[in-house]
Amino acid sequence: MKDTSITAERGERFTLTVGQNASTREYWYLVGPEPDSSVLVSRGHVYASDSGDEAVAGAGGRLTFTFEAKGKGTTSFTLLHCTFTTCQGNTSTVPPETTGPSATPATGATTPSQAPERITYTVTVN
């Protein structure tokens, strides 16, 4: 299991980078509940292709989320990892309407999808 505890100093910015591949409908989202804004603020996310500036069909990439530590305290945030087997209707900018397993099988699947992975990070700002 990966360590999901982060310690930061007030005013510090830090990033989390995850693999993402639109061609396989694999996406990551920052989902609620939002972190306590007096402790931590999201500064957005940026996608970078593994193929650099040249577009390559099927190439994956990296999605980097940036956060800023605002004030002393502890808060949490959650990243949701969706794949074509775990979320229905998700796109790079639109998370799925539900974060539970799909009640019906995906097209061509014989069983209902599984719940998407959720990773909750706890941030302590000194």
Side-chain angles (χ1 to χ4, degrees):
M1 175 166 250
K2 56 177 99 168
D3 184 11
T4 58
S5 299
I6 299 167
T7 302
E9 298 296 322
R10 253 183 292 189
E12 182 180 349
R13 285 191 179 205
F14 63 90
T15 61
L16 288 172
T17 301
V18 293
Q20 180 167 290
N21 191 334
S23 68
T24 60
R25 291 184 288 167
E26 176 187 19
Y27 301 105
W28 287 87
Y29 307 97
L30 177 63
V31 295
E34 295 289 324
D36 180 341
S37 62
S38 68
V39 178
L40 184 71
V41 176
S42 170
R43 294 297 182 199
H45 59 276
V46 176
Y47 178 79
S49 174
D50 287 342
S51 62
D53 293 335
E54 186 177 325
V56 176
R62 302 272 176 241
L63 185 65
T64 300
F65 293 89
T66 301
F67 298 91
E68 183 178 348
K70 295 298 281 182
K72 189 173 183 173
T74 300
T75 190
S76 297
F77 65 89
T78 300
L79 294 183
L80 178 69
H81 181 216
C82 286
T83 66
F84 74 97
T85 62
T86 60
C87 298
Q88 302 300 314
N90 62 313
T91 68
S92 62
T93 58
V94 180
E97 292 185 25
T98 179
T99 57
S102 173
T104 59
T107 304
T110 58
T111 60
S113 67
Q114 299 175 12
E117 176 184 17
R118 296 173 67 88
I119 302 174
T120 299
Y121 293 86
T122 302
V123 180
T124 301
V125 178
N126 297 320

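All figures in this text were calculated on a predicted structure; none of them were measured in a lab. These values consider heavy atoms only, across backbone and side chains, with no hydrogens, waters or symmetry-generated copies.
- Looking only at distances, a side-chain donor or acceptor of Q20 sits under 3.5 Å from a matching main-chain atom of W28.
- In this structure, L40 is a member of the same hydrophobic cluster as F65, with clusters built from ILVMFWY side-chain heavy atoms closer than 4.5 Å.
- The shortest non-hydrogen separation linking T86 to A115 is CG2-O, 3.9 Å.
- Here the side chains of R13 and T15 are not in contact, with every heavy-atom distance at 4.5 Å or above.
- Between G60 and Y47, the shortest heavy-atom contact is C-OH, 3.3 Å.
- Within a 6.0 Å radius of NE2 in H45, other residues, nucleotides and ligands contribute 12 heavy atoms or fewer.
- Taking the ring centroids of F67 and F77, they lie under the 6.0 Å cut-off.
- Between Y27 and L63 the shortest side-chain heavy-atom distance does not fall below 4.5 Å.
- Residue C87 holds its SG atom at 11.0 Å from CD of E117, rounded to the nearest 0.5 Å.
- Residue V18 is not grouped with residue V31 when hydrophobic side chains (ILVMFWY) are merged at heavy-atom distances under 4.5 angstrom, including chains of intermediate members.
- From F14, atom CZ reaches atom OG1 of T7 across 9.5 Å, with rounding to the nearest 0.5 Å.
- Side-chain contact between V39 and K70 is absent, with no heavy atoms from C-beta onward closer than 4.5 Å.
- In the hydrophobic clustering of this structure, V41 does not group with L16; members are Ile, Leu, Val, Met, Phe, Trp, Tyr whose side-chain heavy atoms approach within less than 4.5 Å, directly or through other members.
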Please output the side-chain donor-acceptor pairs of residues 119-126 that fall under 3.5 Å, not counting sequence neighbours, one pair per line with the distance.
unit_1 : atom_1 : unit_2 : atom_2 : d
T120   : OG1    : T78    : OG1    : 2.9
T124   : OG1    : T74    : OG1    : 3.4

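- For R10, the salt bridge (charged side-chain N to carboxylate O under 4.0 Å, His left out) criterion is met by no residue, not counting sequence neighbours.
- C82 SG to R118 CZ: the interatomic distance, rounded to the nearest 0.5 Å, is 9.5 Å.
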